[in-house]
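Report on the structure given below.
The model shown is predicted, which means the values in this text are computed figures rather than measured ones. Throughout, protein chains are lettered first and strands after them, A, B, ... in sequence-line order, and every chain is numbered starting at 1.
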Number of protein chains: 2
Amino acid sequence: MATQTDAPEAPRIPLNRTRVLEAAVALADRDGIDAVSMRKLGQELGVEAMSLYNHVKNKGDLLDGMVDTILGEIELTPMEGHWKTAMRTRMLAAREVVIRHQWVPEVLESRPVMTPTMMRYMDSIIGFFREGGVSIDLTHHAMHAIGSRLLGFTQELFDDSDAEQDPAAAAAMMQQLTQFPNIRALTEALLHEGDEIVGAGCDSNFEFRFTIDLILDGIERLHLAEQEG
Amino acid sequence: MATQTDAPEAPRIPLNRTRVLEAAVALADRDGIDAVSMRKLGQELGVEAMSLYNHVKNKGDLLDGMVDTILGEIELTPMEGHWKTAMRTRMLAAREVVIRHQWVPEVLESRPVMTPTMMRYMDSIIGFFREGGVSIDLTHHAMHAIGSRLLGFTQELFDDSDAEQDPAAAAAMMQQLTQFPNIRALTEALLHEGDEIVGAGCDSNFEFRFTIDLILDGIERLHLAEQEG
DNA sequence: ACCTGAACACCGTTCAAGT
DNA sequence: ACCTGAACACCGTTCAAGT
């Protein structure tokens, strides 16, 4: 809701890095990450593509900056109570932010981002484990095990979004699935769960919570065993 | 070790889908997935880029086919003994294959692949759980929790590969890391573990096994609780 | 200091034309 | 049936030139 296509005679606000990054985030939110090209972003800002290089080193730097920007949206509230519930709350907060910016997983999957904001975020999470008395080694393995869920998302192997919209595609998919007895059993159980025969895709929010609880419980069990032994 | 740059007068073997896919896999293995463009792949096969469209619908179809090809390399051995050990063995077998083809994670992250080979693979894994008596619901959540590890890989959030090679980059990284107390503590613990001060990156194979065991143990615990209740 | 025009070296893909 | 040449509509990026 900004100056996107103002009258071209309006006094030109000079570009700067944050203006560029915010426009890129808005563009990705609206049209998807593939729409974020130097040319299109320039157009969005009323400027030629080459001008962007005055504020951003290259495309990679732009993407890093975008991730950095939205990472700043996750509030680093201090730990209260048990480390497990603190972790859970933080990861669900991260998930809220990622859901608002659906392109974040794809960018993070395509390139590692190690900005100060990212480090501050990870530092805060490691702090939860340490404050909770979890050993540094176990903390390390826990971070690996939780992986991208630390940032609020899970890598999805499959995608049922087109099947959800197009009934023909859904039927074709069903036809294929039923040829495999175990997949078929699983699919049928899923379908009957919601009383509805169609549209019962997986509930990714439920699976997210299920898995972080599974992992956190496992870590706690190892933590307790470590203390006893 | 094939006919890659033969004399151009050699009798031309006609192209077909498997020849195209195998060349693409070899190219990706050798030069990375970014080197797999229609033009370069055509060159590799002594043919113009446009000819490839006779054997492959488009670039996406090519990538799907490549994944399908290497997925076929994972042997679908039947289950023997406990489902947990069967699962473990299968996932480590998948990991072996993925390590030989490092580009697979990136392709799978960028696009869902739902080919018959993929379905057969997933069907086999679901079968392990079912044979082991795990409920269909729990099986479903387990599949989500294990995620891409079913196919032998974990999404890596960070990348220390350049720091491992370039000592200057490593020093700069260290300089940054030490500003965050918890990251610093974790890093120092890591470094002292191997008696060596430098080059002690994370052991991704260890972390892989750690996490699948953590998740499988958690699933088993839920399975046993389900049986009692 | 910031922006631009023109250019370079790439992409995926289509389509009419060849054999 | 299979392959090609030319073309289209895109990319990211550099660089000399403008103000």
Grab the [atom1]-[atom2] distance between [X] and [N] for me, whole Å please.
{"X": "B:Asn54", "N": "C:dT14", "atom1": "CG", "atom2": "C1'", "value": "13 Å"}
{"X": "A:Lys57", "N": "D:dT13", "atom1": "NZ", "atom2": "P", "value": "12 Å"}
{"X": "A:Met50", "N": "D:dC15", "atom1": "CE", "atom2": "C1'", "value": "11 Å"}

Report each atom pair, protein N/O against N/O of nucleotides 8-11 of chain C, whose distance is under 3.5 angstrom.
residue: C:dC11; atom: OP1; partner: B:Ser37; partner atom: OG; Å: 3.3
residue: C:dC11; atom: OP1; partner: B:Lys40; partner atom: NZ; Å: 3.1
residue: C:dC11; atom: N4; partner: B:Arg39; partner atom: NH2; Å: 3.3

Salt-bridge criterion met for A:Asp64 and A:Arg111 (N-O under 4.0 Å)
yes
If you measure from the Lys or Arg side-chain nitrogens to the Asp or Glu carboxylate oxygens, is any gap between A:Arg130 and A:Asp123 under 4.0 Å?
->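 So A:Arg130 does not pair with A:Asp123 through a salt bridge.
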Walking DNA chain C from its 5' end, the first of B:Asn58 and A:Leu52 to be reached, judged by nearest nucleotide, is A:Leu52
- If the C1' atom of D:dA16 is compared with that of C:dC2, how far apart are they to the nearest Å? 15 Å
- Task: With P as the reference atom in both, quote the distance from C:dA9 to D:dA9 in angstrom, rounded to an integer.
- Result: 22 Å
- [ ] Please confirm whether A:Phe206 and B:His141 have ring centers closer than 6.0 angstrom.
- [x]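 Yes, the ring of A:Phe206 comes within the 6.0 Å limit of the ring of B:His141, centre to centre.
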Encoded 5' to 3' (Watson-Crick or G-U under 3.5 Å; [ ] crossing; | other strand), DNA chain D becomes ||.|||||...|||||.||
Side-chain (A:Arg90) to main-chain (A:Thr77) donor-acceptor, under 3.5 angstrom
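At least one qualifying donor-acceptor pair exists.
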task = Could you tell me whether the side chain of A:Ser51 and the main chain of A:Val47 form a donor-acceptor pair under 3.5 Å?
result = no
The single option from A:Arg88, A:Arg95, A:Glu207 that satisfies side-chain contact (heavy atoms from CB on, under 4.5 Å) with A:Ile212 is A:Arg88
Among C:dG12, D:dT4, D:dC3, find the nucleotide with the atom closest to the side chain of B:Leu15.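 So the nucleotide nearest the side chain must be D:dC3.
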Could you check which of D:dG5, D:dC3, C:dT13 has an atom nearest any side-chain atom of B:Glu48?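 For B:Glu48, the side-chain atoms sit closest to D:dG5.
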Do A:Trp103 and A:Asp29 have side-chain atoms, one donor and one acceptor, less than 3.5 Å apart?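 The answer is yes; a qualifying pair exists.
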**Asked** Have A:Asp68 and A:Thr115 got a donor and an acceptor in their side chains that come within less than 3.5 Å?
**Response** yes
